[in-house]
Amino acid sequence: MSRPHEGLEESLQKIYDEVTGRNPGETEFHQAVYEVLESLRPVVAKHPEYADAAVIRRLCEPERQVIFRVPWVDDEGAVRLNRGFRVEFNSALGPYKGGLRFHPSVYLGIVKFLGFEQIFKNSLTGMPIGGAKGGSDFDPKGRSVNEVMRFCQSFMTELYRHLGEHTDVPAGDIGVGTREIGFLFGQYKRITNRYESGVLTGKGLTWGGSQVRTEATGYGAAFFVTEVLAARGESFDGKKVVVSGSGNVAIYAIEKVHQLGGTVVACSDSGGYVVEPGGIDLELLKEIKEVRRGRISEYAEKRSDTARYVSDSPIWEVPCDIALPCATQNELDADGAAALIGNGCQIIAEGANMPCTPKAVEAFAEAGVTFAPGKAVNAGGVATSALEMQQNASREAWLFEDTEERLAQIMRRIHDRCLHTADDYGRPGNYVDGANIAGFIQVADAMLALGVI
Ligand code: NDP
C-alpha cells in the first residue's frame with residue numbers, strides 16, 4: 001500500500017507554487033493542499049479536461065473570505081477584542097458547510113486548511129454540501145458562561161449577514177459545542193426575526209438538533225475503523241486502542257470502541273495523558289470533561305489505584321494495536337510515528353483534522369501500517385449535520401437508533417468508496433489517495449458542469 005515519495009507532477013507543482021506564493025505564511029494551508037495534490041497525479045493524467053478548465057487552480061482559491069472584528073465586554077467591564085473568520089471555500093455541491101473553531105491558535109491559515117479539507121470530506125459523504133470553515137482566536141477556557149454568551153452574540157452580529165440555510169451553514173469544532181451553538185443561534189434568530197433551524201447544526205435536541213450529532217464524529221470514526229478491520233478479516237474484539245484528546249470527538253470514539261469490543265487504554269488533553277490498562281472509565285471522563293470542564297489530570301487523581309498520569313511525554317509511547325488521534329492538527333509527528341510503529345501498532349485512523357504530520361504519514365507508509373486520513377474517518381460529523389439539515393427541512397425528528405444506523409451506512413459507503421477509488425487509480429489499499437481522488441472528482445465534475453464561476 002505504500003508508494004515511494006514521488007514529489008509533485010510538474011503541472012501540480014506549478015499550482016502548489018502559486019498557492020504558497022499567494023498565501024504566504026499559511027503553513028497548515030500549504031500542507032493540506034500539498035497532501036491533496038500529491039494524490040492527483042493519476043487523475044491529471046487521465047482527465048486533461050480538469051486542467052483545461054483550471055479546476056484545480058480554482059479549487060485552491062476560496063470563493064469568499066470574511067475577516068471581522070469581534071469586540072465584547074468581559075465580567076470586569078473591560079472591552080476585549082478578537083478576530084473572526086469565515087472562509088467560504090467551495091459551493092459547487094451545495095451550501096457552504098463546516099464548523100467554527102474558537103481557540104487562541106486560530107488565524108487565517110488554520111481556517112483555510114480546515115475549509116480546504118472540508119470540501120473533499122463533504123464531497124466524500126455523497127451529500128449536497130459545499131466546504132467552509134470559520135472561527136476566532138477567542139479562548140473560551142476560563143471564561144464565564146456570560147462572557148462566552150456575549151462573545152458569541154458579538155461574533156454572530158457580524159457573521160449573520162453571510163449565513164442562511166441555502167447559503168452557509170456553520171457547525172461546531174474545537175471550543176464550540178452545543179452551548180456556543182445555542183448562543184449563536186439565539187442571536188441569529190433575534191437579528192433576522194426568523195426561526196431558521198437549518199442555518200446552524202449541532203443544535204440542542206429540544207430546539208431543532210438531531211439525535212446522534214453529538215456522538216457522530218467519534219462514533220463515525222469507530223465505524224470507519226470497523227470497516228478497515230473487516231477488510232483485513234478482523235474486528236475490534238480484544239484490540240488495545242489509544243485515543244488522543246478528551247473532547248467531543250475523543251469521548252464518543254472511546255464510547256463506541258468500547259461498545260464494539262475494543263479497550264481504550266489511554267487518552268489525553270493538552271496538559272498530558274492518562275493510562276488505564278483495564279480501559280478508560282467513560283462515565284468519569286464525561287463527568288470531568290463534559291460536566292465540569294476539568295483537566296485529564298483529575299481523572300488520574302480519582303483513579304489513583306489503576307490509572308497513571310504522564311505530563312511530559314507524548315501519548316504515542318503507549319503500546320496499542322490501533323491509534324486514533326482525535327485532538328488537533330500536527331499532534332502526531334515522526335517521533336510519535338516511530339514509537340507507534342516500534343510498539344507494533346497496525347492501524348492509525350485520524351479522528352481529528354490533519355493530526356499526523358507529513359513525516360509521520362510517510363513513516364506509516366514505509367512501515368506498511370494502515371493509515372486512514374481525517375477527511376474520511378471524521379466525516380461522520382458533517383454527514384450527521386447534513387442529516388440534521390434534512391430533518392429541519394422536513395420538520396421531522398428521527399429516532400436515535402435510525403439516525404445511528406444511517407451514520408453507520410454512510411461510514412461504510414465512504415470506506416468502500418475510498419478503497420474502490422484507490423484500486424481504480426492504481427493505488428490499492430491507499431486510503432489517502434482513495435479519499436482525495438474520490439472527493440476531488442465529484443467536486444471537479446460539478447465545477448465543470450457549472451462553468452467558469
Ligand atoms: P474539543 O474542543 O471538544 O476537544 C479538543 C481536545 O483536543 C481537547 O481534549 C483538547 O485539550 C485537546 N487538544 C487541543 N489542542 C491540543 C494539543 N495541542 N495537544 C494535545 N491535546 C490538545 O474539539 P473536538 O473534539 O470537537 O475536535 C477535535 C478534532 O476533531 C479537531 O481537529 C476538529 O477539527 C476535528 N473534528 C471535529 C468534529 C466535530 O464534530 N466536533 C468534526 C470533524 C473533525 P484541552 O482541553 O487541554 O485544550
Side-chain angles (χ1 to χ4, degrees), residues 28 32 97-106 110-111 113-118 120-122 124-125 131 133-135 138-142 170-181 201-202 209-210 212-221 224 242-255 266-274 285-286 288-290 292-299 310-311 313-316 324-333 336 349-357 373-386 388 407 411:
E28 297 84 359
K97 183 90 197 86
L100 299 172
R101 176 177 291 192
F102 292 168
H103 192 273
S105 64
V106 168
I110 294 264
V111 182
F113 122 63
L114 291 164
F116 186 73
E117 289 275 294
Q118 198 80 43
F120 305 95
K121 180 187 311 190
N122 293 3
L124 268 181
T125 66
K133 201 80 185 186
F138 172 71
D139 188 357
K141 250 186 236 152
D173 191 74
I174 290 180
V176 179
T178 311
R179 179 182 72 176
E180 289 74 21
I181 293 290
T201 59
S210 171
V212 194
R213 178 60 191 91
T214 302
E215 298 83 355
T217 309
Y219 276 23
F224 191 95
V242 163
V243 174
S244 66
S246 49
N248 173 262
V249 179
I251 284 176
Y252 292 97
I254 296 171
E255 182 161 287
C267 65
S268 62
D269 63 18
S270 56
Y273 70 85
V274 285
L285 185 68
K286 282 186 180 177
I288 293 170
K289 284 292 177 182
E290 291 189 329
R292 287 197 278 117
R293 294 172 186 261
R295 309 303 301 157
I296 201 78
S297 52
E298 296 166 36
Y299 179 99
V310 182
S311 64
S313 39
I315 191 171
W316 314 117
L324 305 179
C326 293
T328 194
Q329 64 275 353
N330 292 328
E331 56 165 314
L332 201 174
D333 59 11
E350 296 185 320
N353 284 313
M354 208 168 75
C356 297
T357 65
K375 58 173 77 71
V377 177
N378 70 33
V382 74
T384 309
S385 277
E388 184 174 330
L407 170 63
M411 296 315 294

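Excluded from the calculations below are hydrogen atoms, water molecules and symmetry mates; all remaining heavy atoms, backbone and side chain alike, are included. Numbers for residues simply follow the sequence, beginning at 1. Order of listing sets the numbers, starting from 1, for every ligand and every atom in it.
For atom 24 (P) of ligand 1, the closest non-hydrogen atom on the protein side is Val249 CG2, 3.9 Å. If you check which protein heavy atom lies closest to atom 42 (C) of ligand 1, you get Thr217 OG1, 3.4 Å.
At distances below 3.5 Å, not a single donor-acceptor pair connects side-chain atoms of Trp316 with backbone N or O atoms of Asp333. Glu298 contributes no side-chain N or O that, together with a main-chain N or O of Gly294, makes up a donor-acceptor pair within less than 3.5 Å. Remark: the backbone N or O of Glu117 is not paired with any side-chain donor or acceptor of Asn353 at under 3.5 angstrom.
Heavy-atom contacts of Ser246 reach the following atoms of ligand 1: 9 (O) (cutoff under 4.0 Å). Heavy-atom proximity to Gly351, at under 4.0 Å, picks out these atoms of ligand 1: 30 (O). Listed by number with element, the atoms of ligand 1 under 4.0 angstrom from any heavy atom of Cys326 are 28 (C), 29 (C). The Thr328 neighbourhood of ligand 1 comprises atoms 15 (N), 16 (C), 17 (C), 18 (N), with distances under 4.0 Å to a heavy atom of that residue. Residue Ala352 approaches ligand 1 through these ligand atoms, each under 4.0 Å from one of its heavy atoms: 29 (C), 30 (O), 32 (O), 35 (C). Numbered from 1 in the order shown, with element, the atoms of ligand 1 that lie under 4.0 Å from a heavy atom of Arg295 read 45 (P), 46 (O), 47 (O). Atom numbering of ligand 1 starts at 1 in the shown order; those under 4.0 Å from a heavy atom of Gly175 are 2 (O).
The structure places OG of Ser270 at 4.5 Å from CZ of Arg295, a figure rounded to the nearest 0.5 Å.
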Would you tabulate the side-chain donor-acceptor contacts of residues 170-178 under 3.5 Å, counting partners in other chains and residues two or more places apart, or write 'none'?
| from | atom 1 | to | atom 2 | distance (Å) |
| --- | --- | --- | --- | --- |
| Asp173 | OD1 | Lys133 | NZ | 3.1 |
| Asp173 | OD2 | Arg101 | NE | 2.6 |
| Asp173 | OD2 | Arg101 | NH2 | 3.1 |

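Under 4.0 Å from ligand 1, the heavy atoms of Arg213 that appear belong solely to its side chain. Contacts with ligand 1 closer than 4.0 Å are made by side-chain heavy atoms of Lys141 only, the backbone lying farther away.
In this structure, Met354 falls outside the shell of residues with a heavy atom less than 4.0 angstrom from ligand 1.
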